[in-house]
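Working notes for the structure below.
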Amino acid sequence: MHFITFFVISQLSSDNTPSFLYFLSAMKNVAIIGAGITGLSCAFYAKKNGNSIQVFEKMNRVGGVMHTIQKNGFTYETGPSTGSVSLPEVVELYEDLGIRDLLEEAPSVAGNRFILKNGKLCALPSGIFSGLTTPLFSWKDKFGMPFEPFRKRGTDPHENLSSMVRRRLGQSMLDYAIDPFVSGVYAGNPDVMIPKYALPKLYNLEQEHGSFIRGAIAKMKEPKPERNKKATKKVFSTQGGLSVLAEHLANAIGRENFVLGNHPVVVPENGKYKIHAGEETYGPFDHVIFTAGASHVFEALPFVKEKFPGAGEVLYAKVSEVAIGFKKWEGVPLNGFGALMPSKEHRNILGILYMSTLFKNRAPQGGALLSVFVGGLRHPDFIDLPADKFKEMVSREVADILKIPHMEPDLFEVTHHEEAIPQYDLKTPIREEAYKGIEKAYPGILMGGNGIDGIGMAKRIAQGRELANRL
Ligand SMILES: Cc1cc2nc3c(=O)[nH]c(=O)nc-3n(C[C@H](O)[C@H](O)[C@H](O)COP(=O)(O)OP(=O)(O)OC[C@H]3O[C@@H](n4cnc5c(N)ncnc54)[C@H](O)[C@@H]3O)c2cc1C
C-alpha cells in the first residue's frame with residue numbers, strides 16, 4: 001500500500017502542474033507581504049498550487065515599482081522599462097496566466113547598444129571584426145583578449161568587479177563596457193559591486209574554468225534542457241506596458257485576496273502568524289512570505305530586528321527616471337536598445353533607452369519615447385536638485401547626445417526613486433545570512449524580495465515562483 005502511494009506521489013510530483021501532492025499536504029493559509037512583481041508571481045503560483053492566500057501591500061495599487069502611465073499619446077514606465085527573457089520562468093508566467101500573446105519581445109534592432117565615447121555614440125561590438133575595429137577599447141586590450149584564458153584565477157571571493165575586470169580583460173574594457181553596463185542596469189559602481197553576489201554566473205566562470213572565455217565555451221557545449229529554449233535572452237515588456245502584467249496577475253490572484261493601503265505588522269502567535277493592518281487583524285497564517293525590499297523587513301517583521309539586524313543592511317542606489325516624448329522625432333536614428341554613459345565621459349545622465357523602438361505604440365507615429373536614467377551611485381545628489389535645474393540639466397544632456405535640434409518635448413515626466421536598486425556589495429552576505437537565520441528561527445516565514453537573488457525582472461519572477469513552491 002505504501003509502495004503504491006509513494007509511486008503515485010512520485011509520478012505526480014515529477015510534473016510541474018499543481019498535483020495531488022498539494023492536495024495531500026492540505027491547503028495552507030499564506031500571507032504575502034508586498035505586491036511587486038515578486039509578491040504577485042509568488043501569490044499567483046501559491047494560489048495555483050492550491051493554497052489560500054492573502055497579499056498585504058502598503059500602497060493602494062499593485063505592481064510595486066512597475067508602473068505604466070498613459071499621457072498625451074505616450075505610454076511610459078516610471079519604474080522598470082524592460083526585462084530580459086533570461087529565464088524560462090518569464091515565458092511560463094505569461095503562459096500560465098493565459099496571456100502568452102501579450103508578452104512583447106523587442107525586435108532584433110534591440111541588439112544594437114551604444115556607448116558614448118568622446119561625445120560620439122559607438123556601437124558595442126558584437127563580433128570579432130567589430131571587436132577589432134571598435135574605437136571603444138585600446139589596442140592593448142583588444143590584442144590581449146586571446147590571452148585571457150591564460151591569466152591567473154582570482155582568489156579573493158570579495159574582490160570587486162573593477163578589479164576582476166581590470167585583471168582579466170583590461171582597463172579599457174572596464175571603462176567602456178563594464179562600467180556603463182553597471183550604471184545602466186544597477187545604477188551602481190563597479191568599485192562597489194562584488195561579482196560573487198551580483199554576477200554569480202560570471203564569477204563562477206572564472207572559479208570553475210579559470211577563465212571567462214574557457215568557461216563560456218564549456219557552458220555552450222553543455223546540453224541544455226528543452227525548457228531552457230524559452231529563455232531567448234531578448235528584451236521584453238508586456239503589450240501596453242508592465243502594469244498590464246501586474247493587473248492580469250492581480251485578477252488571477254483574485255482582487256478579494258488583497259489588503260491594500262495599510263502597513264501590515266506580523267505577530268508570531270502559537271507557532272502561526274497574525275497580521276495587523278489598519279484596524280483589522282488577519283490570520284492565523286501558516287506561512288508569511290516576505291517579498292518587499294530589503295529596507296522594509298523590520299516594518300513588516302518588527303520582532304526579528306533585535307536578533308537579525310543584518311536583514312536591514314542594504315545600500316540602495318537612488319534613481320530619477322525621466323520619460324521624454326516627442327510627437328515628431330528630429331534627432332539621430334533611434335536604431336537600437338539605447339545609449340549608456342561611461343563614468344569617464346563625465347555626463348550628468350546614466351543612460352537613455354529608446355522605448356518607442358523597443359515596443360509598439362509607446363509614442364505617436366513619427367514620434368519617439370525615451371526613458372532617461374539619472375543619479376545612481378555616481379550622482380546621488382541629483383535627485384535633490386530643484387525641478388527647473390533638473391529639467392534643464394537632463395534636457396541639455398539628451399539634446400546634445402542625440403543631436404536634437406529643437407529640444408521641445410511633448411512629454412517630460414520625472415519620477416524620483418529614493419530607494420531604486422539594492423546593490424549587491426559587501427553587505428549582501430550579511431543580509432543573506434540574516435534571512436536564513438530568520439527562516440530558521442521562525443518556521444513558516446520565507447524571505448524573498450530584491451535584496452537577495454538579483455534585481456532583474458526575470459530573477460524576481462523566478463524567485464516569486466520558487467518561494468511559492470517552497471510552501
Ligand atoms: C527605476 C527603476 C528602473 C528599473 N529598471 C529595470 C529594468 O529595466 N529591467 C529590470 O529587469 N529591472 C529593472 N529594475 C529592477 C526591477 O524593477 C526590480 O528589481 C523589481 O521590479 C522589483 O520587484 P519586487 O516585487 O521585488 O519589488 P517592488 O517592486 O519594490 O515591490 C515591493 C512591494 O512591497 C511593498 N512594500 C514595501 N514595504 C512594505 C511593507 N512594510 N508592507 C507591505 N508592503 C510593502 C512596496 O510598496 C512594493 O509594492 C528597475 C528598478 C527601478 C526602481
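Order of listing sets the numbers, starting from 1, for every ligand and every atom in it. One-based numbering along the sequence shown.
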Dump the intermediate steps for salt bridge (Lys or Arg N to Asp or Glu O under 4.0 Å) on Lys327 and Asp410, then the final yes or no. CA-CA 6 Å; Lys327 291 194 172 163; Asp410 301 289; 5.4 Å; no
For Tyr442 and Tyr273, run ring-ring contact (aromatic ring centres under 6.0 Å, His included): C-alpha distance rounded to whole Å, both residues' side-chain angles, the deciding distance at 0.1 Å, then the answer. CA-CA 10 Å; Tyr442 299 98; Tyr273 300 93; 7.1 Å; no
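Of the protein's non-hydrogen atoms, the one nearest atom 40 (C) of ligand 1 is Glu299 OE1, 3.7 Å. Of all protein heavy atoms, the one closest to atom 26 (O) of ligand 1 is Thr38 OG1, 2.6 Å. Closest to atom 31 (O) of ligand 1 among all protein heavy atoms lies Gly36 CA, 3.3 Å. Looking only at heavy atoms of the protein, atom 30 (O) of ligand 1 is closest to Val65 CG1, 4.0 Å. In terms of protein heavy-atom proximity, atom 20 (C) of ligand 1 is nearest to Arg460 CG, 3.8 Å. The protein atom (non-hydrogen) at minimum distance from atom 38 (N) of ligand 1 is His296 CG, 3.2 Å. Closest to atom 2 (C) of ligand 1 among all protein heavy atoms lies Gly79 C, 3.9 Å. Of the protein's non-hydrogen atoms, Glu57 OE1, 2.6 Å is the one closest to atom 49 (O) of ligand 1.
Here is the list of ligand 1 atoms found below 4.0 Å of a heavy atom in Ser81: 8 (O). Under a 4.0 Å criterion applied to the non-hydrogen atoms of Pro264, ligand 1 contributes the atoms 42 (N), 43 (C). Near Gly64, meaning under 4.0 Å from any of its heavy atoms, are these atoms of ligand 1: 29 (O), 31 (O), 48 (C), 49 (O). Annotation for ligand 1: atoms under 4.0 Å from non-hydrogen atoms of Gly456 are 11 (O). Listed by number with element, the atoms of ligand 1 under 4.0 angstrom from any heavy atom of Met59 are 47 (O), 49 (O). Which parts of ligand 1 touch Phe56 is read off a 4.0 Å heavy-atom cut-off, strictly below it: atoms 43 (C), 44 (N). Applying the 4.0 Å criterion to heavy atoms of Glu321 picks out, from ligand 1, the atoms 1 (C).
Within the set Pro422, Cys42, Ala292, Ser320, the minimum heavy-atom distance to atom 32 (C) of ligand 1 is found for Ala292. Nearest to atom 6 (C) of ligand 1 by heavy-atom distance, out of Pro80, Ala246, Gly261, is Pro80.
Considering backbone and side-chain atoms alike, Ile455 places an N or O below 3.5 Å from some N or O of ligand 1. Below 3.5 Å of separation, one finds no N or O of Val319 facing any N or O of ligand 1. No N or O atom of Ser84 sits closer than 3.5 Å to an N or O atom of ligand 1. Taking any N or O of Thr78, backbone or side chain, none lies under 3.5 Å from an N or O belonging to ligand 1. Polar contact check, His417 against ligand 1: no nitrogen or oxygen pair lies under 3.5 Å apart. Here's the thing with Thr82: one of its N/O atoms is less than 3.5 angstrom from an N/O atom of ligand 1. Considering backbone and side-chain atoms alike, Gly39 places every N or O at 3.5 Å or more from each N or O of ligand 1.
Using a 4.0 Å cut-off between a side-chain N of Lys or Arg and a carboxylate O of Asp or Glu, Lys436 and Glu433 qualify as a salt bridge.
Cation-pi check for Arg362 over Tyr354 is not met; the charged atom does not lie both under 6.0 angstrom from the ring centroid and within 45 degrees of its normal.
Note that CZ of Phe373 is 9.0 Å distant from CG of Leu350, once rounded to the nearest 0.5 Å. In this structure, CG on Leu369 lies 8.5 Å from OG on Ser81, to the nearest 0.5 angstrom.
Under the 4.5 Å side-chain criterion, counting only non-hydrogen atoms from C-beta, Leu169 is in contact with Phe212. Using a 4.5 Å cut-off on side-chain heavy atoms (C-beta onward), Lys219 and Leu205 make contact. Side-chain contact between His287 and Asn51 is absent, with no heavy atoms from C-beta onward closer than 4.5 Å.
Defined by atom type and a distance below 3.5 Å, a donor-acceptor pair is present between the side-chain atoms of Ser371 and Glu321.
Between His158 and Tyr197, the angle of the ring planes lies from 30° to 60°, which puts this pair in the tilted group. The aromatic rings of Phe382 and His379 sit parallel, their planes meeting at an angle under 30°, below the 60° perpendicular limit.
Within 6.0 Å of CD in Glu279 there are 12 or fewer heavy atoms belonging to other residues, nucleotides or ligands.
Contacts between Ile33 and ligand 1, counted as non-hydrogen atom pairs separated by less than 4.0 Å, involve the side chain only. With a 4.0 Å heavy-atom cut-off, ligand 1 is reached by the backbone of Met457 and by its side chain too. Contacts of Ile421 with ligand 1, taken as heavy-atom pairs under 4.0 Å, involve the side chain alone. Counting heavy atoms under 4.0 Å from ligand 1, residue Lys58 touches it through both backbone and side chain.
For the side chain to side chain contact (heavy atoms under 4.5 Å, CB included) criterion with Asn160, the lone passing option out of Ile194, Asp425, Leu426 is Ile194.
Under the ring pair (Phe, Tyr, Trp, His ring centres under 6.0 Å) criterion, Phe298 pairs with no residue at all, not counting sequence neighbours. Annotation: side-chain contact (heavy atoms from CB on, under 4.5 Å) contacts of Glu439 (sequence neighbours excluded): Leu446, Met447, Arg470.
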